[in-house]
Amino acid sequence: MQTEETNQNPGATEIFRMPAADATVPDLMAQQKPANPTLTIVKGPQVGQTFELDQAEITLGRDPKNSVFLNDMTVSRRHAKMDLTNVSAGLVTIEDLRSLNGTWVDGAIVSRASLRDGSTVQIGTFRMVFHTNARPRRIQTEA
């Protein structure tokens, strides 16, 4: 099918724009932001899975009884635990539970470490990103 413009200029390139309602790319920003901190797997088995951390203590490991179940032989049954009791103050820690392969935070092997928004956690073949998902706070200023 030729348009009137291509009839006038047979070598012209037509631009096709897909209406937004017809787009097949998902709107990732449409999802509501979680109210609790999260760990998202960015590398390894289960890539893309996000765990919402809704308890004060989170256990991570290969045992299905853990809060964060990481199903891979490179992960110890009870690999690590996270302490989120002071998450509102920005204090979150992760502790290795004498695992075989260790726990890594931001590229360094640790026995215990603080996590901040955007920290990477490596457990076995799983690389995860920690997010606090803290709501912006209003800053008090003097008038």
Side-chain angles (χ1 to χ4, degrees), residues 1-3 5-6 9-143:
M1 178 178 170
Q2 289 188 329
T3 63
E5 185 177 317
T6 54
N9 189 357
T13 303
E14 287 188 65
I15 298 174
F16 173 76
R17 296 193 193 281
M18 182 181 297
D22 294 338
T24 57
V25 177
D27 183 5
L28 300 176
M29 299 307 289
Q31 297 177 5
Q32 191 172 17
K33 192 173 184 180
N36 298 304
T38 56
L39 265 180
T40 301
I41 300 172
V42 294
K43 184 179 179 193
Q46 300 165 239
V47 71
Q49 186 171 0
T50 297
F51 298 94
E52 192 164 350
L53 311 175
D54 58 357
Q55 300 167 10
E57 183 176 283
I58 301 294
T59 57
L60 302 95
R62 195 178 71 230
D63 188 334
K65 293 177 186 169
N66 287 294
S67 312
V68 175
F69 173 47
L70 302 171
N71 191 14
D72 190 77
M73 292 303 292
T74 60
V75 178
S76 297
R77 290 183 195 280
R78 281 189 40 86
H79 198 102
K81 71 176 179 179
M82 295 175 68
D83 181 2
L84 289 102
T85 53
N86 294 317
V87 69
S88 59
L91 301 172
V92 176
T93 59
I94 188 165
E95 180 181 350
D96 185 77
L97 299 176
R98 296 178 17 195
S99 66
L100 185 62
N101 292 325
T103 300
W104 299 71
V105 174
D106 295 327
I109 193 165
V110 299
S111 57
R112 183 180 176 93
S114 294
L115 298 177
R116 65 186 194 296
D117 191 62
S119 288
T120 60
V121 176
Q122 178 94 28
I123 293 180
T125 58
F126 294 88
R127 182 173 300 146
M128 300 167 281
V129 177
F130 171 76
H131 286 290
T132 61
N133 296 316
R135 303 283 188 244
R137 287 183 261 164
R138 176 168 257 161
I139 299 171
Q140 297 295 328
T141 60
E142 294 182 29

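- At a threshold of 4.5 Å between non-hydrogen side-chain atoms, the residues L115 and V121 count as touching.
- Applying the salt bridge (Lys or Arg N to Asp or Glu O under 4.0 Å) definition to pairs two or more places apart or across chains, those involving residues 116-130 are D106-R116.
- Rounded to the nearest 0.5 Å, atoms CD (E52) and NE2 (H131) are 13.5 Å apart.
- Partners of R98 under the side-chain hydrogen bond (donor to acceptor under 3.5 Å, both in side chains) rule, at least two apart in sequence or in another chain, do not exist in this structure.
- Applying the side-chain contact (heavy atoms from CB on, under 4.5 Å) criterion to I109, with sequence neighbours excluded, gives W104.
- Taking 4.5 Å as the limit, some side-chain heavy atom of L53 sits within range of a side-chain heavy atom of F130.
- Across every non-hydrogen atom of T120 and G107, the tightest pair is OG1-N, 4.3 Å.
- Using a 4.5 Å cut-off on side-chain heavy atoms (C-beta onward), T103 and I94 make contact.
- For T93, there are no side-chain hydrogen bond (donor to acceptor under 3.5 Å, both in side chains) partners two or more places apart in sequence or in a different chain.
- Residue I123 holds its CD1 atom at 9.5 Å from OG of S76, rounded to the nearest 0.5 Å.
- Remark: T50 engages T38, T40 in a side-chain contact (heavy atoms from CB on, under 4.5 Å) (not counting sequence neighbours).
- Looking at residues two or more places apart in sequence or on another chain, you find no salt bridge (Lys or Arg N to Asp or Glu O under 4.0 Å) involving R77.
- In this structure the side chain of F126 reaches within 4.5 angstrom of the side chain of Q46, judged on heavy atoms.
- Taking D63 as the reference, nothing meets the salt bridge (Lys or Arg N to Asp or Glu O under 4.0 Å) condition, with sequence neighbours excluded.
- Of all heavy-atom pairs between P37 and L84, the closest is CG-CD2, 3.6 Å.
- D54 pairs by the side-chain contact (heavy atoms from CB on, under 4.5 Å) definition with N36, not counting sequence neighbours.
- Partners of E57 according to the side-chain hydrogen bond (donor to acceptor under 3.5 Å, both in side chains) rule, which considers only residues two or more places apart in sequence or in another chain, do not exist here.
- For N66, the side-chain hydrogen bond (donor to acceptor under 3.5 Å, both in side chains) test picks out T59, with sequence neighbours left out.
- The heavy-atom pair separating D72 from P45 by the smallest distance is OD1-CG, 3.8 Å.
- How far CD of Q55 is from CG of D83: 12.5 Å, rounded to the nearest 0.5 Å.
- Residues H79 and R62 fail the side-chain proximity criterion, which asks for heavy atoms closer than 4.5 Å.
- Within the 4.5 Å cutoff, the side chain of F51 has no heavy atoms near those of the S67 side chain.
- With sequence neighbours excluded, the residues forming a side-chain contact (heavy atoms from CB on, under 4.5 Å) with N101 are T74, listed by chain and number.
- Under the salt bridge (Lys or Arg N to Asp or Glu O under 4.0 Å) criterion, E95 pairs with R112, sequence neighbours left out.
- L39 has its side chain out of reach of V129: every pair of non-hydrogen atoms, C-beta onward, lies at least 4.5 Å apart.
- L60 has its side chain within reach of M82: a pair of non-hydrogen atoms, C-beta onward, lies under 4.5 Å apart.
- Closest non-hydrogen pair, G102 versus S99, comes out as N-OG, 3.0 Å.
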Criterion side-chain contact (heavy atoms from CB on, under 4.5 Å) on N86 and V92, from CA distance to verdict: CA-CA 7 Å; N86 294 317; V92 176; over 6 Å; no
